[in-house]
Protein chains: 2
Amino acid sequence: MTDDANKTLVLPNFLPYKLAVLSNRISRGIADQYEERFQLTVPEWRVMAVLGGEPDLSASQVADRTAMDKVAVSRAVKGLMKADRLLRHFSATDKRRSVLKLSDSGEVIYAQVVPIAIDYEDAILNELTKEEQSQLNVLLNKLQDIEINTAHPV
Amino acid sequence: MTDDANKTLVLPNFLPYKLAVLSNRISRGIADQYEERFQLTVPEWRVMAVLGGEPDLSASQVADRTAMDKVAVSRAVKGLMKADRLLRHFSATDKRRSVLKLSDSGEVIYAQVVPIAIDYEDAILNELTKEEQSQLNVLLNKLQDIEINTAHPV
DNA sequence: ACACAATAGTTTCAAAAGAAACTAATTGCA
DNA sequence: TGCAATTAGTTTCTTTTGAAACTATTGTGT
């Protein structure tokens, strides 16, 4: 079969579809455990997650590290500030640039959510053998780095 | 380390996060190739994708197979009908139940989008060895089937 | 020094997604 | 039979998301 026009598309076997379903299920599963309990949206948690490990980032640095866009970060920061989970000041040398970190109460929440997230990851990984865990890691890293280059004619 | 409270969360190494970023990138990459070109939204394409391979499904059967909810299917069907890409009638034995299939023009579009989707999948898989492709398949199937059971105390 | 481009972040407006209520048809069973 | 519960699908209302325009500040080239 050299002619791809003959191939069929079976959704449940289609890699992008399988990834999307799996990823949604996992993200939702974690979010379900912190959303109502800590009054946190998913983008808010992502911002907290990155600042918990690396404080004093600007909003655009947060955006880089979370793969969120700057509008989403801006909104998440707004929500977190309102709930006093975040401290912000602006750089003295560049008044546009914000400097963000968790507040004390933000740190408390961070310390509670981290184990929930890690337990969830563990619960997944525990279903795999050591070997499979390692394979998964290698594969995801490799896929992360590839540059997708469609051959299909336009 | 038996106490998970000491573990740290490094977002770029966190499985759910890696899956989400990868999946979004891939889904967006494919959608970018059909959205404007065929005036198709992602849910609309999913509905077409499933009906192209298996015609005469009802809306709720489509929802099952696509992991979409019934509201999303209803809206996608509405859009596709309006653009004459779908034919619908209602079952004679159960007047609630719709019977959906691609129209002729829907088939034409389906036949054009399928190779785009498959090429995209191929472009990804080609970055992996045969062995890795097989591992990925096994892993995703396994992950798909697991029932996630968090140990974290509430 | 000054105009123009670039960057950081916010706001606004429109499209998309989700939840809940609703209509209509069918099923189950007292 | 006939009435409550269930199922299929749609509509409505609210929230979320995304894109584009906007403000403020800084950088760059002449």
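A note on names: the letters A, B, ... follow the listed sequences, proteins ahead of strands, and every chain is numbered from 1.
The closest side-chain heavy-atom distance from B/Tyr34 to B/Ile109 is not below 4.5 Å.
For the pair B/Glu35 CD and D/dG18 P, the computed distance is 12 Å after rounding to whole Å. In this structure, CG of B/Leu86 is placed 12 Å from P of D/dG9, rounded to the nearest angstrom. If you measure from atom CG of B/Asp64 to atom C1' of D/dT7, you get 13 Å, rounded to the nearest angstrom. Whole-Å rounding puts the B/Leu100 CG to D/dG9 C1' distance at 11 Å. Following rounding to the nearest Å, B/Lys70 (NZ) and C/dT23 (C1') show an atom-to-atom distance of 11 Å. Nucleotide D/dT7 holds its P atom 12 Å from the CG atom of B/Asp94, rounded to whole Å. For the pair A/Gln39 CD and D/dT15 P, the interatomic distance rounds to 14 Å; values are reported in whole Å. Summarising the geometry, the separation between CE on A/Met68 and C1' on D/dA19 is reported as 16 Å, rounded to the nearest angstrom.
Across the interface with DNA chain D, nearest-nucleotide mapping of A/Asp69 and A/Ala92 shows A/Asp69 to be the residue nearer the 5′ end.
Each of C/dG9, C/dA19, C/dT10 was ranked by its minimum atom distance to the side chain of A/Ser98; first place goes to C/dG9. The B/Arg97 side chain lies nearest to D/dG9 when the options are C/dA25, D/dT25, D/dG9. In this structure, of D/dA20, C/dA20, C/dC13, it is C/dC13 that holds the atom nearest to the side chain of A/Arg75.
As judged by a 4.0 angstrom heavy-atom cut-off over every strand, B/Lys95 is placed among residues touching the sugar-phosphate backbone only. Residue A/Ser58 is classed as a sugar-phosphate contact, given heavy-atom separations below 4.0 Å to backbone atoms only. Among the heavy atoms of the strands lying under 4.0 Å from B/Arg88 are primed sugar atoms or P, OP1, OP2 only; no base atom is included. Among the atoms of the strands shown, only primed sugar atoms or phosphate atoms (P, OP1, OP2) are found under 4.0 Å from some heavy atom of A/Thr93.
Counting non-hydrogen atoms of neighbouring residues, nucleotides and ligands closer than 6.0 angstrom, the CG atom of B/Asp145 exceeds 12 such neighbours.
The phosphate of D/dT11 (OP1 or OP2) has no side-chain N or O of B/Ser74 nearer than 4.0 angstrom. OP1 or OP2 of D/dT11 has at least one side-chain nitrogen or oxygen of B/Lys78 nearer than 4.0 Å.
B/Glu132 places a side-chain N or O within 3.5 Å of a backbone atom of B/Thr129 that can act as its donor or acceptor partner.
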Q: Dump the intermediate steps for side chain to side chain contact (heavy atoms under 4.5 Å, CB included) on B/Arg96 and B/Phe90, then the final yes or no.
A: CA-CA 7 Å; B/Arg96 296 169 305 177; B/Phe90 289 86; over 6 Å; no

Q.
Would A/Glu121 and B/Lys18 count as a salt bridge (charged side-chain N to carboxylate O under 4.0 Å, His left out) here? Give the steps.
A. CA-CA 11 Å; A/Glu121 184 186 37; B/Lys18 282 160 80 170; over 6 Å; no

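Under 3.5 Å, the side chain of B/Arg96 and the base of D/dT7 form at least one donor-acceptor pair of N or O atoms.
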